Amino acid sequence: MNTSSTVRARFAPSPTGQLHVGNARTALFNWLFARQKRGVMALRVEDTDIERSEARYEDQLIADLKWLGLDWDEGPDVGGPYGPYRQSVRLDIYREHAERLVTERKAYLCFCTEEELQAHREDAETGQRQAIYSGKCRGIDPGDAERRRSQGEACAIRLRIPDHPIRFHDIVRGEVEFSNEVVSDPIIMRSSGMPVYNYVVVIDDGLMKITHVIRGDDHLSNTPKQVALYEALGWPVPEFAHLSTILGSDRERLSKRHGATSIANFREMGVLPEALLNYLALLGWAPSGGTREIFSASELIEQFSLERVTPSAAIFDMEKLYWLNRHYIKASPPERIAELAVPFYSKLLAEDSPEQVSAPEIVEWLSAVTRLFAPYVDRLDQLPERALPVFSYDAGAAVADPGNAEVFSWPNTDAVIARFIVKVLEDESAKSAEMTPECFKKIINEVKAETGAKGKELFHPIRIIVTGSHSGPDFDKLIPILEEGSRLALPVHVLSLRERVEAFCKARSKSESLPQLARAGETPAPTRSKS
RNA sequence: GGCGCUAUCGUCUAGGGGUUAGGACGGAAGAUUCUCAAUCUUCAAACCCGGGUUCGAUUCCCGGUAGCGCUACCA
């Protein structure tokens, strides 16, 4: 196999915090490209910023990338032929190549002090000129320079920028040209002996034989320096693809200010990885024709193309992400969604001890709750709130709720309520919280026949008694959930149908006198002691 | 300030010298459902401005404007 034709892409994040969606999108595009070309995907950790880099962030980074479904052939965790893949352990390599450049006169020692440079820069700024390096040390005789260094004089190493314009090809933007007038000789090694980012990235990409540098467009202006470096090093210049910035709704660079921006945030919100992956792919890329929106990872690998990446910045649209997430929630096997959803209930049910909800019968029941409410939510973390009518029932609030006032004003409502209550209280299965949907249906039909109410007039009052609200899910699915939930040893007791009816009776009789109810319910409601 | 990049519905985008400028999210209306959600149908909604080139520019070129980025011994 001809290795020179093998595509090699890389994702090179700094482990300085949570993986941001913008970086995740860069990782995704690299991955899609590498996988489509049957090339190599490498992960390289840019941890030269010792103050901000932390090992735990690296673990987090790898976990987030894997959660999204990405993988890599070479990296700090899996090794590879061009390692090490962590910059902090490549320092000798950087020094060695920098010295080589000095020896070859491609770079030179610079003895300017920071104060001098600072003064020069300020001077240029007040004169409204571009602050480029004066070139003061460019002409120092190499022998003299070497002598001064060996005598202990502090010096940095600067690259000599050639005196011709620097052009390079960008797959997303076409030919880009920078006049050499605006690129000053950059420092590649600090006087402290530490290398500088724009230098390190070239050494790493070059040594790792990266053929395609796909990264954020904030690096576009750095690229001429890097191209000059490749040329000085005598290495082939890779293809570049600079991806546009992801902006927040206010057109500013997406940041924490805009809410959820890290992969971990989305995972914690109950966004499915395939939804996020699909959304990120659509941000800056569209398939030929541009009419399809839903793509699996393998479909993306098949159809992706860097040539079709848009150069303009894109605003992150949470609503569209939610739409995709809803789609994938509905498209996934219910068991999977249920499994993913269980942890979200623990906050509601047992804040301090999530293990309380791990009993198999409870997990089973929570799965049923999830199946019922999942079609109603954008994200899994909304499930407990959606399912709140199951977990908490406040009859007093239901009676007082202005949203229910209209229902209470309907002429048939009182009769429906009265008949329904009597029938539930008389029902044997309800006493042991084992009311079946069939039995419930029978009661509804009897109430319907006895009162003449139908449709909303029938269902709304009954739903208010059962859930506290006139709108909600189908009784067929809800009733078994309530009954079963009430029989479970949950940290928070779920009221059975009968318990709800009893609570409602109490609340209603307290709030006002109900002549019809009094007449209908001669049999005093037997109070069932709540354990 | 200098340099660079960018510019199609509110948003993501397709398209491209002559089109009813297409799709999706979101919005509105309707159908359906006991209700909400879902689903289906329909509707509203865009080529930044000014010059060229051309028979004809939203499309190509130039300028302006705006947004973003870079302008460090940060990454």
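Bear in mind the structure is a predicted one, so any value in this text is a computation, not a measurement. To find a chain, count down the sequence lines: A is the first, B the second, and so on, and within it residues start at 1.
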> Is the ring centre of A:F316 less than 6.0 Å from the ring centre of A:F266?
Replying inline: yes
> Between B:A7, B:G10, B:A14, which one does the side chain of A:S312 approach most closely?
Replying inline: B:A7
>> Looking at B:U54, which nucleotide sits across from it as a Watson-Crick or G-U wobble partner, both distances under 3.5 angstrom, or is there none?
In response: none
> Hey, does A:R253 reach any base, or is it just sugar-phosphate, or nothing, if we go heavy atoms under 4.0 Å?
Replying inline: sugar-phosphate
>> Distance check, C1' atoms only: B:G10 and B:C70, in whole angstrom units.
In response: 30 Å
> For the side chain of A:K320, counting heavy atoms from C-beta on, which of B:A14, B:A75, B:C25 is nearest?
Replying inline: B:C25
> Quick check: are there more than 12 heavy atoms from other residues, nucleotides or ligands sitting under 6.0 Å from CD of A:E385?
Replying inline: no
>> If the test is salt bridge (Lys or Arg N to Asp or Glu O under 4.0 Å), which one of A:R44, A:R86, A:R10 qualifies with A:D204?
In response: A:R44
> Of all the choices, B:C68, B:A75, B:G10, which nucleotide is nearest to the side chain of A:T245 once you look at every atom?
Replying inline: B:C68
>> Once you apply a heavy-atom cut-off of 4.0 Å, does A:G216 come out as touching a base, just sugar-phosphate, or nothing?
In response: nothing
>> Taking pairing as Watson-Crick or G-U wobble with both contacts under 3.5 Å, can you name the mate of B:G10, or confirm there isn't one?
In response: B:C25
> Given that both distances must come in under 3.5 Å, which nucleotide forms a Watson-Crick or G-U wobble pair with B:C48?
Replying inline: B:G64
> Below 6.0 angstrom between ring centroids: does that apply to A:F168 and A:F240?
Replying inline: yes
> Which nucleotide in the list B:A75, B:G23, B:A7 gets nearest to the side chain of A:P311?
Replying inline: B:A7
>> Going by purine N1 to pyrimidine N3 plus the second Watson-Crick contact, or the G-U wobble pair, all under 3.5 Å, which nucleotide sits opposite B:C70?
In response: B:G2
> With the sugar-phosphate defined as primed atoms, P, OP1 and OP2, and the base as all remaining atoms, what B/S/- string results for nucleotides 34-40 of chain B, 5' to 3', for protein heavy atoms under 4.0 Å?
Replying inline: BBBSSS-
> When rounded to the nearest Å, what value does the distance between P atoms of B:A45 and B:U11 take?
Replying inline: 16 Å
> Mind checking the C1' distance from B:U71 to B:G64? Whole angstroms is fine.
Replying inline: 23 Å
> Mind checking who B:U39 pairs with, Watson-Crick or G-U wobble, both distances under 3.5 Å?
Replying inline: B:A31
>> Could you tell me how far apart A:N278 (CG) and B:C12 (P) are, to the nearest whole angstrom?
In response: 17 Å
> Under the 6.0 Å and 45° cation-pi test, does A:R167 pair with A:F178?
Replying inline: no
> Nearest to the side chain of A:R158, which nucleotide is it out of B:A24, B:C68, B:C73?
Replying inline: B:C73
>> In this structure, how many angstroms lie between the C1' atom of B:G69 and the CG atom of A:L220, rounded?
In response: 8 Å
>> Does this structure show an ion pair linking A:E438 with A:K441, if we count only N-O contacts that are shorter than 4.0 Å?
In response: no
>> For a quick check of understanding: with a heavy-atom distance under 4.0 Å over all strands, which category does A:N222 fall into, base, sugar-phosphate or nothing?
In response: base
> Mind checking the P distance from B:G16 to B:C61? Whole angstroms is fine.
Replying inline: 15 Å
>> Taking the six-membered ring of A:F29 as reference, does the cationic atom of A:R25 (NZ for Lys, CZ for Arg) lie under 6.0 Å from its centre and within 45° of its axis?
In response: yes
> Within 45° of the ring axis of A:F295 and under 6.0 Å from its six-membered ring centre, is that where the NZ or CZ of A:R292 lies?
Replying inline: yes
> On the ring face of A:F111, is A:R148 found with NZ or CZ under 6.0 Å from the centre and within 45° of the axis?
Replying inline: yes
> Touch check for A:I187, heavy atoms < 4.0 angstrom, all strands: base, sugar-phosphate only, or nothing?
Replying inline: base
>> Using atom P in both nucleotides, what's the gap between B:A29 and B:A14 to the nearest angstrom?
In response: 31 Å
>> Using the P atom as the point on both nucleotides, what is the distance between B:U58 and B:G51, in whole Å?
In response: 11 Å
> How close or far is atom C1' of B:U65 from atom CZ of A:R251, stated in whole angstroms?
Replying inline: 15 Å
>> With a 3.5 Å cut-off and heavy atoms only, can you find an N or O donor on one side and an acceptor on the other between the side chain of A:S191 and the base of B:C73?
In response: yes
> Quick one: the side chain of A:S221 and the base of B:G69, do they pair up donor-acceptor inside 3.5 Å?
Replying inline: yes
> Could you give the CD-to-C1' distance, from A:E307 to B:A14, as a whole number of Å?
Replying inline: 17 Å
> Rounded to whole angstroms, how far apart are CH2 on A:W285 and P on B:U13?
Replying inline: 12 Å
>> Checking A:H460 now: which residues fulfil ring pair (Phe, Tyr, Trp, His ring centres under 6.0 Å) with it, not counting sequence neighbours?
In response: A:W410, A:H470
> Taking atom P of B:C73 as reference, at what distance in whole Å does atom CZ of A:F111 sit?
Replying inline: 17 Å
>> Nearest whole Å is fine: how far is B:U13 C1' from A:F295 CZ?
In response: 12 Å
> How long is the line joining OH of A:Y322 and P of B:G27, in whole Å?
Replying inline: 14 Å
> A:C112 near the nucleic acid: base, sugar-phosphate alone, or nothing, with a heavy-atom cut-off under 4.0 Å?
Replying inline: base
> What is the nucleic acid contact for A:L117, judged by heavy atoms within less than 4.0 Å: base, sugar-phosphate only, or nothing?
Replying inline: base
>> Base, sugar-phosphate or nothing for A:E319? Non-hydrogen atoms, less than 4.0 Å.
In response: sugar-phosphate
>> Could you tell me how far B:G18 sits from B:A57 if I compare only their C1' atoms? Round to whole Å.
In response: 9 Å
> Checking all strands, does A:R308 fall into the base, sugar-phosphate, or nothing category for heavy-atom contacts under 4.0 angstrom?
Replying inline: sugar-phosphate
> Would you say the side chains of A:H242 and A:R215 form a donor-acceptor pair under 3.5 Å?
Replying inline: yes
> Taking a pair as Watson-Crick or G-U wobble with both distances under 3.5 Å, which nucleotide is matched to B:G16?
Replying inline: none
> Considering only the C1' atoms, how many Å lie between B:C12 and B:U8, rounded to the nearest integer?
Replying inline: 12 Å
>> Need one value for A:T310: base, sugar-phosphate or nothing, where a base atom within 4.0 Å counts as base even if backbone is also close, heavy atoms only.
In response: sugar-phosphate
